[in-house]
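Worksheet: the structure to be examined is printed underneath.
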Amino acid sequence: MEGIQMGYDGYIAADRINIGGYTKENETSVKDGGYIPEQTAPEQVMPEQTQTSVKKRRRMFALAAGALAAGCAAIYLISCAGPKGYHDYTVQKQQYYVEYSDEYPYWDVLTVEYPVLTGTEEEPIEQIEQINAQLYDTAMDRVNYWHLQPNDEVKQLQEEYSIFSSDVDCNVTYHSQYLLSVNYQEIYAPISPVWYVYMTQRALTLDLLTGESYALKDILRLDEDFVKMWADNFNDKLGEEMIAPEDVEIFIDWFNCADKELAEFYDFVPFFYVTDEGNLVVGVSLDPKVAALSGRDPSNSTFYTELTAEETEPFRKKSVFWDRYDKSESTGEVLRCREKQDNIWLGDQASVWDYWEEE
């Protein structure tokens, strides 16, 4: 700063000494009342080399300023716009269908619906194999457990099977440039499709960019405050108090898969899926293991309710899911299953339901 100030003082001093052709002597003449002839200030001519240098500097400054502005604008747009996502894809529903095969010492009747994702040449989906594998495996979850991939306990139980039957319906509830959400509803019957019938639900929400799925615990705090809110909502929509205040601790354990007393008998399956309106259906299913099977009327151990974005907002965890969710717009196309077969034992028209109505 000292050097700058000295230069400035020098400039002021020069200005006082010689400006417009007036000199210190002229200033004295004025004071003396003498006549000062009219004079014209000499034109300040800048050397040609200096003019060229100044023009170059100005041009470079203008270019630099423009580049800086463009760069800032690009950074702003990238930070606000987020990743592009996929805007033109198809989800075609298909069905895994088996009716009385000869591969096993018991009969099997399977009608398992699942979705298949397809991109386009212009917009190929990088993680499509990983995504489609999860869509299929989730649909086949109970079929694999009880029929195709049995553990030792289930292998022993299979000796009592007369028919293994499963009927799965899938519903693609939400599809955007970033997210694909699917709800699976299943009725299945190990041993016999008359006396051992169980109903369950599960869901899958996938990130189309990474191919990864989001678990309920990844996106929401499953603590006491959340479960209280969830239970109140569940009771309100049901119109009665099915979940009492003293039961909240039980559901906390179920949502967190921490019920040690029932772990021998059930698999706890917390799930969520996104709806067209952007709400979240949140629930938990208790899928029986071998120790929990008993011959009785059809059993449904699934608890779920629909929550708005405002209701879930206080319980959000830091997750990429919410970035995708907040910026999502509906896109893609979902196609119905071609030639979908009805399950002869557990489908809508199955006579087993008439049997239980008469009972």
Side-chain angles (χ1 to χ4, degrees), residues 112 137-154 157 164-171 182-205 213-224 226-235 237-238 240-273 280-307 346 356:
V112 181
D137 289 344
T138 303
M140 298 289 289
D141 179 79
R142 292 294 86 189
V143 172
N144 287 334
Y145 182 85
W146 290 108
H147 177 49
L148 299 178
Q149 300 171 9
N151 60 24
D152 291 340
E153 284 188 320
V154 174
L157 184 68
F164 176 81
S165 186
S166 173
D167 184 52
V168 178
D169 285 322
C170 76
N171 184 20
V182 185
N183 173 232
Y184 300 86
Q185 298 185 12
E186 179 175 15
I187 305 172
Y188 64 95
I191 303 180
S192 165
V194 177
W195 294 101
Y196 295 84
V197 177
Y198 298 88
M199 303 174 189
T200 189
Q201 279 195 66
R202 52 191 172 273
L204 188 65
T205 297
S213 62
Y214 294 102
L216 183 61
K217 65 180 181 180
D218 295 334
I219 68 168
L220 292 174
R221 281 191 294 110
L222 304 177
D223 56 16
E224 183 177 2
F226 171 79
V227 176
K228 282 182 178 179
M229 181 276 294
W230 177 89
D232 289 342
N233 191 294
F234 179 92
N235 290 334
K237 291 183 178 177
L238 203 62
E240 58 180 304
E241 191 182 70
M242 286 289 294
I243 302 176
E246 58 269 24
D247 296 330
V248 167
E249 286 190 16
I250 295 174
F251 278 88
I252 293 173
D253 285 344
W254 290 356
F255 272 116
N256 290 281
C257 303
D259 190 331
K260 296 180 180 180
E261 292 184 11
L262 288 183
E264 179 184 351
F265 302 94
Y266 294 94
D267 284 323
F268 305 101
V269 186
F271 66 87
F272 83 95
Y273 59 88
L280 263 63
V281 174
V282 176
V284 59
S285 293
L286 274 64
D287 290 339
K289 298 179 180 180
V290 171
L293 292 184
S294 62
R296 57 180 181 180
D297 57 341
S299 175
N300 186 350
S301 297
T302 299
F303 307 85
Y304 63 93
T305 190
E306 185 170 338
L307 305 173
L346 302 175
W356 281 110

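In this structure, Trp254 has its ring center at least 6.0 angstrom away from the ring center of Tyr266.
Contact of the Thr302 side chain with the Arg202 side chain is not registered, since no non-hydrogen atoms from C-beta on lie closer than 4.5 Å. Residues Leu346 and Ser166 are not in side-chain contact: their nearest non-hydrogen atoms beyond the backbone lie 4.5 Å or more apart. Side-chain contact between Val143 and Tyr188 is absent, with no heavy-atom pair separated by less than 4.5 Å. Side-chain atoms of Lys217 and Asn256, non-hydrogen and from C-beta on, never get closer than 4.5 Å to each other. Here the side chains of Leu148 and Met140 are in contact, with some heavy-atom distance below 4.5 Å. Two residues are said to be in side-chain contact when any heavy atoms from C-beta on lie closer than 4.5 Å; Trp146 and Val290 meet this criterion. A heavy-atom distance below 4.5 Å is not found between the side chains of Asn183 and Val281. Residues Ile191 and Leu157 are in side-chain contact: their nearest non-hydrogen atoms beyond the backbone lie under 4.5 Å apart.
For Glu240, the CD atom counts as densely surrounded, since its 6.0 Å shell holds more than 12 non-hydrogen atoms of other residues, nucleotides or ligands. Within 6.0 Å of NZ in Lys260 there are 12 or fewer heavy atoms belonging to other residues, nucleotides or ligands.
With Phe251 as the fixed residue, the ring-ring contact (aromatic ring centres under 6.0 Å, His included) test singles out one of Phe303, Phe226, Phe234, Tyr304: Phe303. Put simply, the residue from Asp267, Asp141, Asn300, Asp287 that forms a side chain to side chain donor-acceptor pair (under 3.5 Å) with Thr200 is Asp287.
Looking at Ser285, its side chain does come within 3.5 Å of a backbone N or O of Gln201 through a donor-acceptor pair. For Arg142 (side chain) and Ile187 (main-chain N/O), no donor-acceptor pair under 3.5 Å exists by modelled atom type. Side chain of Lys289 to backbone of Glu264: no donor-acceptor contact under 3.5 angstrom is found.
Note that CG of Asp232 and CG of Asn235 are 6.5 Å apart. Values are rounded to the nearest 0.5 Å. Expressed to the nearest 0.5 Å, how far CG of Leu307 lies from CH2 of Trp230 amounts to 9.0 Å. Note that the CZ atom of Arg221 and the CG atom of Leu216 stand 12.5 Å from one another [nearest 0.5 Å].
Using cut-offs of 30° and 60° for the angle between ring planes, the His147 and Phe164 rings count as parallel. A parallel orientation is assigned to the rings of Phe271 and Tyr273, their planes being inclined by less than 30° (bins at 30° and 60°).
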Which donor-acceptor pairs under 3.5 Å do the side chains of residues 241-250 make with protein atoms, sequence neighbours left out?
residue: Asp247; atom: OD2; partner: Ala244; partner atom: N; Å: 3.2

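The heavy-atom pair separating Pro190 from Tyr198 by the smallest distance is CD-CD1, 4.2 Å. Shortest non-hydrogen contact noted between Glu306 and Asn233 is O-OD1, 3.4 Å. Residues Ser213 and Leu204 come closest through the heavy atom pair CB-CD1, 3.7 Å. Residue Ala189 comes nearest to Pro193 through the heavy atom pair CB-CA, 3.4 Å, listed as atom of the first residue, atom of the second, then distance.
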